[in-house]
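Heads up: the structure comes next, in structure tokens.
None of these values were measured; they are calculated from a predicted model. Proteins come first, then strands; the chains are lettered A, B, ... in the order of their sequence lines, and each starts at number 1. Note: hydrogens, waters and symmetry copies are ignored here, and every other heavy atom, side chains too, is used.
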Protein chains: 2
Amino acid sequence: MKALFKTAGRAYKAHHALPPDAGTIADVNHDNVVKTISPDWVDGETKVMESPADHGQDLRLWLRLLTCSTLIESEIRRRLREQFDCTLPRFDLMAQLERAKAGMVLGELSKRMMVSPGNITALVERLVESGHVTRTVSAADRRVQIIALTSFGRAEFEKMATAHADWIAKLFDVITARDGKILFDRLGKLKRSVVTALARD
Amino acid sequence: MKALFKTAGRAYKAHHALPPDAGTIADVNHDNVVKTISPDWVDGETKVMESPADHGQDLRLWLRLLTCSTLIESEIRRRLREQFDCTLPRFDLMAQLERAKAGMVLGELSKRMMVSPGNITALVERLVESGHVTRTVSAADRRVQIIALTSFGRAEFEKMATAHADWIAKLFDVITARDGKILFDRLGKLKRSVVTALARD
DNA sequence: GAAAACTATTTCAAGCCTAAAGTTTTTTTG
DNA sequence: CAAAAAAACTTTAGGCTTGAAATAGTTTTC
């Protein structure tokens, strides 16, 4: 595949730090940061706690959630880049295609990946260039493009998917099955809460 | 502030779909997608379940976690853009600065926000241009730049922070305090698991 | 005190991502 | 059927992000 791009992953990243999940965002990566933290934080948190309806609890939960997913996501991006010279969006796109034997329409890819159509255009273009996918104009409807994995693309993806599953398993190593179940369950509730709130518009 | 940029938020986005958190990633945003889903998915999940050490459970948990945070994050980006013509990175940077009365060194910002230094350079540049922050070369060490909120920046930030806390509270509305506590707690465990795994390198 | 090592920041190339404004093709409607 | 509407993409401008290389200033070492 020979270096399609110079960089692309985000090795750092983990925005959002509003009331900073007490000592936890910072202490995760830079030991020397912690000492500078305590006094400000108390203020920040106190302030938040005083707002109506206990927003503080929700905010802290949100920040911790974000910290977790960013931490994991960054690591996966880094490994995909270092070990496979691949980005997460490329991996995701191939993951979608893997289960669509007959290929998938560009718009469908966009919907499933929850990214804008214009984004997919360029992403697919690069994947075509590197020989991972093909793009065919549909005979039935000439507006439509069908994207499918090449056998090379499929082979590459299998390698990455195996490694990926392994990385996740190792990262989640210490979590007991029971806690995993609880998390999964409560995150489901959270998702429903968010979706419900979003629907109220 | 008059339109600093044309776009910037990601209204969609929510990559990763490896074994697709059954019916949940897709059904969240595009009603018409659901019908195309069922058969592929079962296969996907079955396959994953068969892998050693029950990676499937971890993978599903990871995907659900990612779905949740992406969902919330996208919405926040969207609202920041629509209601305040601001991006999440800008908001985050100001949030960091808000609790640093005397300003903060660029490198410190980079560490706290967990993004690369080169990124902060441009972000700060734009915030200086729009009058939200100031950038001063330190007298003690001329390599160092001290970034601080202007009073305008502070005022703008306060408005956004208030709205932001409110958005989160509304999104988390349905979650009981008890479930919130459980989530917060287990996410703490998860974070420790991840950090531990990352340290083993 | 000069050379070497280290630190803070900027610059660069390239990919990611969005919203909005086109383009082309198909479907709907009067 | 022809005009209008809708659908599937592509294009464009512009912000975000990284890793690596370069710049400039400070500290350490001999």
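In this structure, CG of B:Leu93 is placed 10 Å from P of D:dC16, rounded to the nearest angstrom. Between A:Arg77 atom CZ and D:dT17 atom P there is a gap of 10 Å when expressed in whole angstrom units. A:Arg90 places its CZ atom 12 Å from the P atom of C:dC17, with the value rounded to the nearest Å. Put simply, CD on A:Glu125 is 12 Å from P on C:dC16, counting in whole angstrom units. In this structure, CZ of A:Arg126 is placed 10 Å from C1' of C:dC17, rounded to the nearest angstrom. Taking atom CG of A:Asp85 as the reference point, atom P of D:dT18 lies 18 Å away to the nearest angstrom. As rounded to whole Å, 20 Å separates atom P of D:dC16 from atom CG of A:Leu88. Atom CD in A:Glu82 sits roughly 14 Å away from atom P in D:dT18 (whole-Å rounding).
Helix-axis bend for the helix from C:dG1-D:dC30 to C:dG30-D:dC1: the local axis fitted to the five terminal pairs at one end deviates from that at the other end by 0°, rounded to 10°.
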B/S/- contact track for nucleotides 5-11 of chain C, protein heavy atom under 4.0 Å: --BSSBB
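Residues that satisfy the salt bridge (charged side-chain N to carboxylate O under 4.0 Å, His left out) test with B:Arg135, not counting sequence neighbours, are B:Glu125. With sequence neighbours excluded, the residues that form a salt bridge (charged side-chain N to carboxylate O under 4.0 Å, His left out) with A:Asp141 are A:Arg143. In terms of the salt bridge (charged side-chain N to carboxylate O under 4.0 Å, His left out) criterion, residue partners of A:Lys159 (sequence neighbours excluded) are, by chain and number, A:Glu156. Take A:Arg154 and apply the salt bridge (charged side-chain N to carboxylate O under 4.0 Å, His left out) test, not counting sequence neighbours, and it matches no residue.
Taking 4.0 angstrom as the limit, B:Thr87 places a side-chain polar atom (N or O) nearer than this to OP1 or OP2 of D:dC16. Between A:Arg81 and the phosphate of D:dT18, there is no side-chain N or O to OP1/OP2 separation shorter than 4.0 Å.
No option in B:Leu61, B:Leu63, B:Asp58 other than B:Asp58 meets the side chain to side chain contact (heavy atoms under 4.5 Å, CB included) test with A:Ile168.
Salt-bridge annotation for B:Asp166 and B:Lys170: present, with a side-chain N of the basic residue lying under 4.0 Å from a carboxylate O of the acidic one. B:Arg126 and B:Glu129 are not joined by a salt bridge, as no carboxylate oxygen comes within less than 4.0 angstrom of a charged side-chain nitrogen.
Of the two residues contacting DNA chain C, namely A:Leu123 and A:Ala140, the nearest-nucleotide position lying further toward the 5' end is that of A:Leu123.
Of all non-hydrogen atoms in B:Ile175 and A:Lys189, the two that sit nearest each other are CD1-C, 3.7 Å.
Aromatic rings from A:Phe157 and A:Phe91 are positioned such that their centres are separated by under 6.0 Å.
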